[in-house]
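Worksheet for the structure shown next.
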Amino acid sequence: MSFYDELKVMYSAEQIRKRIGELGAQITRDYQGKDFTVIAILKGSYIFCSDLVRAIDLPLAVDFLGLSSYGGKTETTGVVRITSDLSKPIEGKHALVVEDIVDTGLTMAFLLENLKTRQPASVKICALLEKPQRALRKIDIDYKGFVIPDEFVVGYGLDFDERYRNVPFIGVLSKK
Ligand code: IMP
Ligand code: MG
């Protein structure tokens, strides 16, 4: 018995591990010889990012950026606030943004606009999940884990009202 028994598994820990291995190999090929910084977007991507960087066979820097969107428990409003900024400038560096999920795309659109003002050499996006049915802004995701239907998912870093982040798989939370 676990506290998350009511969740329906969408991607198991093993499926996630395998996909991250593929993403890591792809990133390793693309970033050869580049001075790059992986930017983990908190809190949602902390688990994904920690596994992803270990699947990348290159020297890299890791930094964190905390974002919080005002809104309800399962909806974004597009009003985004930086709760904790990067520890170092990214000017002249290649930035790889690591996000848990691109849903409406409003958070990522805000973030990209903000990062570009800091004059990085390049900005690419790696997102574990994409929910294209809900897209309000077109976001080109360079490295994508899985494309999912319009369902609210939790686990592997993703939360519902700050709960379920520590669930080892991605599961669907039934609307009760
Ligand atoms: P967007 O601005 O609508 O793209 O939403 C992005 C943020 O909303 C993500 O970084 C998540 O924190 C949160 N989010 C969107 N969909 C889900 C979901 O299905 N489960 C948990 N969090 C979600
Ligand atoms: Mg998030």
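Indexing begins at 1, ligand by ligand and atom by atom, following the structure's order.
Which parts of ligand 1 touch Glu151 is read off a 4.0 Å heavy-atom cut-off, strictly below it: atoms 19 (O). Ligand-side atoms of ligand 1 in range of Glu99: 10 (O), range being under 4.0 angstrom from any heavy atom.
Considering all non-hydrogen atoms of both residues, Ala55 and Ile20 come closest at CB-O, 3.8 Å.
For residues 32-42, the set of pairs meeting the side-chain hydrogen bond (donor to acceptor under 3.5 Å, both in side chains) definition, not counting sequence neighbours, comprises Asp35-Lys93.
Surrounding CG of Asp57 are at most 12 heavy atoms belonging to other residues, nucleotides or ligands under 6.0 Å away.
Taking each of Gly44, Gly105, Ala135, Ser68 in turn, the one with a heavy atom nearest to atom 4 (O) of ligand 1 proves to be Gly105. Of the candidates Val79, Thr104, Ile41, the one placing a heavy atom closest to atom 3 (O) of ligand 1 is Thr104.
A salt bridge links Glu162 with Arg165: the distance from a Lys NZ or Arg NE/NH1/NH2 to an Asp or Glu carboxylate oxygen falls below 4.0 Å.
For Phe64, the side-chain contact (heavy atoms from CB on, under 4.5 Å) partners are Ala40, Leu42, Val62, not counting sequence neighbours.
Any N or O atom pair closer than 3.5 Å counts here, and Val153 shares at least one such pair with ligand 1.
Neither the backbone nor the side chain of Met108 has any atom closer than 4.0 Å to an atom of ligand 1 (non-hydrogen atoms only). Neither the backbone nor the side chain of Arg134 comes within contact range of ligand 1; no heavy atom lies under 4.0 Å.
Taking the six-membered ring for Trp and the full ring otherwise, Tyr164 and Tyr4 have centroids separated by 6.0 Å or more.
At least one heavy atom of Lys131 sits under 4.0 Å from some atom of ligand 1. Not a single heavy atom of Val154 lies less than 4.0 angstrom from ligand 1.
At least one side-chain heavy atom of Ile101 sits less than 4.5 Å from a side-chain heavy atom of Ile148.
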